[in-house]
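Here is the structure we will look at.
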Number of protein chains: 2
Amino acid sequence: MSLLFSRPCEYALQAVIYLAMKKEGERTSIRELTAALRIPYHFLAKILQDLTRKGLLSSLKGPAGGFALEMPAKEITLFHIVEAIDGVEFTQRCVMGFQECSGNHPCSVHDSWAELRDSIYRMLVERNIEEMAGDMKKPEYAGAG
Amino acid sequence: MSLLFSRPCEYALQAVIYLAMKKEGERTSIRELTAALRIPYHFLAKILQDLTRKGLLSSLKGPAGGFALEMPAKEITLFHIVEAIDGVEFTQRCVMGFQECSGNHPCSVHDSWAELRDSIYRMLVERNIEEMAGDMKKPEYAGAG
DNA sequence: CTATTTTAAGAGTAAATAGTCTGATTTATC
DNA sequence: GATAAATCAGACTATTTACTCTTAAAATAG
């Protein structure tokens, strides 16, 4: 079970943060990313292609090729990545799956979940990838392998 | 995509709340539940059997048989149901899937997610099924079909 | 121009999740 | 006891998600 986000989305989040830890413009190969993050090679390749098509990354073939952020890390949030890979369906569905659940015909946790949903959204937008990459470089943080 | 909870778990939540809307001890058939909640018959049958094995429901075969809550609705929370069907893994995993993420080696949203996780837990335990069934009976609430 | 290193693309496979079917068993009623 | 109405059990199928493989194409360096 991969809670909240799909596997591809989790991998995308990790990969983009990893790229943000590099100097701006520096390119990183799939090989390096999959080794550092322990993600299956060809699977991550697909995901990075997807992020490239969606305009979040740029790619270059050949030796010294690889992937880099298409825009400054400061302008990217986790939400951009989630939006690109999983979409924003989680902002809409009833948490218990009631088909009729809606604003004027709510289920009994509709309002609590609405608040939580907002908090999740806030978690995804309140900090940018540059700040997060800064964290990850510190020894007390996890992720880079 | 069935956010946060699996399909079987969503169906279980719906079914248990539906049962809590009945008079204590009254038995309800799979047929009635699937008609009211629009859930596939045989699939819900499996889920109810599971909840019965886990001790949340009691079942009776034969005409006038069906399912009922094994204990007073006041003593059941959504968390009991989630625990029985999906387990509590969502309280443990890193939201971005970082393998190394933990208390003393956190990812950059570790703390925000920890708070959110607690709020989700609170949403699941702060009200019991009796209260929620009470809500659902009111015309402005959704669920019973 | 050739060899090498990288991504691109698309088909294919595997595993997990969701949902179905059939037949047996239990219980109540006539 | 026979019949009917319900759950129980387990095998089966379908769909979605996760992951792999192969070949092509682009870029660099010699």
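Letters go in sequence order (proteins before strands), and every chain restarts at 1.
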- Task: Run the salt-bridge test on E100(B) and R38(A) with the 4.0 Å N-O cut-off and return the result as yes or no.
- Result: yes

What residues 46-55 of chain A contributes to the DNA chain D interface at heavy-atom separation below 4.0 Å is K46(A)

With a 3.5 Å distance limit and no angle check, can you tell me whether Q14(B) reaches the backbone of M96(A) through a side-chain donor-acceptor pair? yes

Per side chain to side chain contact (heavy atoms under 4.5 Å, CB included), P8(B) is matched among L44(B), D50(B), L13(B), I85(B) by I85(B)

The nucleotide from dA18(D), dA18(C), dT6(C) with an atom nearest the side chain of P8(B) is dA18(C)

Look at S59(A) and dA8(C) and indicate whether a side-chain polar atom (N or O) is within less than 4.0 Å of OP1 or OP2. yes

For the side chain of E24(B) and the backbone of P72(B), is there at least one donor-acceptor N/O pair under 3.5 Å apart? no

Taken to the nearest whole Å, CZ/R31(B) to C1'/dC8(D) is 16 Å

Between CG of L44(A) and P of dT17(D) the distance, given in whole Å, is 19 Å

Any sub-3.5 Å donor-acceptor pair from D86(A)'s side-chain atoms to F5(A)'s backbone N or O? no

I30(A) atom CD1 is separated from dC19(D) atom P, nearest whole Å, by 16 Å

Residue K137(A) excluded, over 12 heavy atoms near NZ under 6.0 Å | yes

On DNA chain C, more 5' by nearest nucleotide between T28(A) and L60(B) is T28(A)

- Message: Strictly distance-based, threshold 3.5 Å: is any side-chain N or O of H105(B) a donor or acceptor partner for the main-chain N or O of S102(B)?
- Response: no

Closest of dA8(C), dA18(C), dT20(D) to the H42(A) side chain is dT20(D)

In whole angstroms, the gap separating P of dT17(C) from CZ of F5(B) amounts to 16 Å

Winner on side-chain proximity to P63(A), out of dT4(C), dT7(C), dT7(D), is dT4(C)

Atom CZ of R27(B) and atom P of dT26(C) are separated, to the nearest Å, by 17 Å

_Atom CD of E26(B): over 12 foreign heavy atoms under 6.0 Å_ = yes

Atom NZ of K61(B) and atom P of dA24(C) are separated, to the nearest Å, by 13 Å

Rounded to whole Å, OH of Y41(B) lies from P of dC21(C) at a distance of 13 Å

OP1 or OP2 of dC19(D) under 4.0 Å from side-chain N/O of Y11(A) = yes

- Item | Main-chain N/O of G65(B) paired to R27(B) side chain as donor or acceptor, under 3.5 Å | no

The helix from dC1(C)-dG30(D) to dC30(C)-dG1(D): angle between terminal helix axes, five bp per end, to the nearest 10 degrees, reads 0°

To the nearest angstrom, the CD-C1' distance between E10(B) and dA18(C) comes to 12 Å

Distance col, row S112(A):OG vs R127(B):CZ, nearest 0.5 angstrom, shows 7.0 Å

Which of dG19(C), dA18(D), dA6(D) is nearest the side chain of F43(A)? It is dA18(D)

